[in-house]
Amino acid sequence: MEKTKVGIVGLGTVGSGVAKLLLDHGDRTARHAGRTLWVEQVVVQDVKKPRDCTLPKGVVSDDLRRIMDDPEIKAVAHLVGGLEPARTIMLKLLESGKDVATANKALLAEHGPELFDRARELGRSIAFEASVAGGIPIIANISQCLSANQVESLTGILNGTCNYILTQMDEQGADYAEALAEAQKLGFAEADPTMDVDGSDTAQKLAILAHLAFGSRVKWSDIPRRGIDTLEVEDITYARELGYRIKLLAVAQLVGDALEMHVSPTLVKSGTPLAEVRGAFNAVSVVGDAVGPLFFHGLGAGQMPTASAVVADLIDIVVGRTAITFRTLELWSKREARVAPLDFSDSTGRYYLRFHVEDRPGVMAEITGVLGRLGISIASVIQHESKRGAAGLVPLVIITHQTTEGATRKAMAELERLACVRPGAVRMGIRG
Ligand code: NDP
Ligand code: HSE
């Protein structure tokens, strides 16, 4: 059988999974590619590090030139995280004639235009199925399978680490720091997990999906975003009492001609598909004007699910499919944006507001006074009888009727200035 040489740069969580699939299941990949994908070179930073996979002698080095200078290596899995040296490595690979499959969403979200332009100039291509939602084939679905549709909305749980933490806190009563440490140990988190928990990783993935689905050109860092790092266990408990689960949702939806986009922890009605996504699973709910609603669900982080997407990309590269889609999609090209972003302040919905307030007469009137003045109507209130702790504080949860992001943001700023309200109030949207 014909043999096509491939390279791997990065042999951490994902790179090791890719090596295992190519070496241990070569028959499978050969069947789908019509040729053997032969691991010729693997490049790492530290050759002395113990690895989670066994490679033939002489394959692993710390010298990128061994891939760049081998004209028979056609496709390379680029599995280095962060921006630099990941960007330089990607450019060197393209410039030495390689097509590249990457899982690095941070790199694409930050430097997509530069990298895709360079690839086009050089007649090369970049595949990136693994960059969003791990093992779920969402990139191929949105960019190819749904191309007869105008996508109307896209709602996702796109960070496995956050979903794992929220599930552990909700179901096991785990502490936030404990659950994050476990997610790191299981290989779900980024090298620096700040980007996972503060919503940045999700915003980077949303920017990529919105680019494909809506032709948006919004930079990930301009997407309004909040993470799960300020949540308390009590919010998870109140959400459950109200019949909801908290999920970090990425939303992109057309409102008239504009695109509403944000990343926010949200109360999602228990029993609905998004609310039941657990652990490191991700999900993407898509509505297309022709196809109607679709729901994609699968592991969004972790070694083998991510490697599954990378290896499929390598196969697509060597059989020539990537070159065709890459050329026709014109991703991150100089084309104008097809949609303008909606001012997030105008986005509408119901909200959960949680405060710690002084337990004394008149407090409720002060709070409802502010909300009333800003036109925010209250749907329900939870204030459990206080055990009268030393601080004399009581938690207060307010659920609003339909209002706007802007009005609730303004209300929170005013309410936190009241003497009866302690800092650290929480505000989340409600779905369902
Ligand atoms: P790891 O930190 O586990 O691995 C990164 C690898 O990059 C290491 O093997 C490291 O080498 C190598 N590396 C770093 N610098 C260089 C360099 N200059 N030259 C060659 N190799 C280098 O990361 P992951 O495998 O978890 O993630 C890789 C990418 O995949 C990231 O972009 C991440 O966002 C993305 N991703 C990760 C998922 C996951 O579940 N982990 C899921 C989806 C995407 P050494 O080992 O010698 O230090
Ligand atoms: N750190 C990311 C996550 C990896 O937890 O979802 C997958 O992109």
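Start at 1 and go down the list; that is how both ligands and their atoms are numbered. This chain uses plain numbering: 1 for the first residue, then up along the sequence.
- Taking every heavy atom of Asp196 and a limit of under 4.0 angstrom, the matching atoms of ligand 2 come to 1 (N), 2 (C), 3 (C), 5 (O).
- Contact annotation for Asn159 and ligand 2: heavy atoms of both the backbone and the side chain come within less than 4.0 Å of the ligand.
- When the heavy atoms of Leu186, Thr161, Ile165 are ranked by distance to atom 5 (O) of ligand 2, first place goes to Thr161.
- Tested against Leu314 for a side-chain contact (heavy atoms from CB on, under 4.5 Å), the candidates Val100, Val319, Asp99, Leu37 yield a single pass: Leu37.
- Taking every heavy atom of Glu190 and a limit of under 4.0 angstrom, the matching atoms of ligand 2 come to 1 (N), 2 (C), 4 (C).
- Taking a cut-off of under 4.0 Å to the non-hydrogen atoms of Lys205, the atoms of ligand 2 that pass are 2 (C), 3 (C), 6 (O), 7 (C), 8 (O).
- Within 4.0 Å of ligand 1, counting heavy atoms only, the contacting residues are Val9, Gly10, Leu11, Gly12, Thr13, Val14, Val43, Val44, Gln45, Asp46, Lys49, Arg51, Leu79, Val80, Gly81, Pro85, Ile89, Ala103, Asn104, Lys105, Ala130, Gly187, Glu190, Ala301, Gly302, Thr306.
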Evaluation steps, side chain to side chain donor-acceptor pair (under 3.5 Å), between Asp235 and Tyr352:
CA-CA 9 Å; Asp235 296 308; Tyr352 162 101; 2.8 Å; yes
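- Asn149 places no side-chain N or O within donor-acceptor distance of the main-chain N or O of Val151, the cut-off being under 3.5 Å.
- In this structure, the separation between CD1 on Ile165 and CG on Leu248 is 10.0 Å, given to the nearest 0.5 Å.
- Checked against a 3.5 angstrom limit, the closest N/O atoms of Phe188 and ligand 2 fall inside it.
- Taking the charged nitrogens against the carboxylate oxygens, Arg118 and Glu95 do have a contact shorter than 4.0 Å, which makes a salt bridge.
- Salt-bridge check for Arg66 with Asp70: failed, with every basic side-chain N at 4.0 Å or more from each acidic carboxylate O.
- Here the rule is side-chain contact (heavy atoms from CB on, under 4.5 Å) with Gln41, and of Ile67, Val60, Val6, Leu55 only Ile67 fits it.
- Short contacts between ligand 2 and Gly300, defined as distances under 4.0 Å to a heavy atom of the residue, involve ligand atoms 7 (C).
- For Lys105, the heavy-atom gap to ligand 2 drops under 4.0 angstrom.
- A salt bridge links Glu405 with Arg409: the distance from a Lys NZ or Arg NE/NH1/NH2 to an Asp or Glu carboxylate oxygen falls below 4.0 Å.
- In this structure, Thr403 OG1 and Arg350 CZ are separated by 12.0 Å, a value rounded to the nearest 0.5 Å.
- Residue Gly160 has at least one nitrogen or oxygen atom sitting less than 3.5 Å from a nitrogen or oxygen atom of ligand 2, judged on distance alone.
- Put simply, CD1 on Ile208 and OG on Ser216 are 11.0 Å apart, with the number rounded to the nearest 0.5 Å.
- Not a single heavy atom of Gly134 sits less than 4.0 Å from an atom of ligand 2.
- Listed by first and then second residue, the ring-ring contact (aromatic ring centres under 6.0 Å, His included) pairs involving residues 317-338 are Phe116-Phe326, Phe116-Trp332, His211-Trp332 (not counting sequence neighbours).
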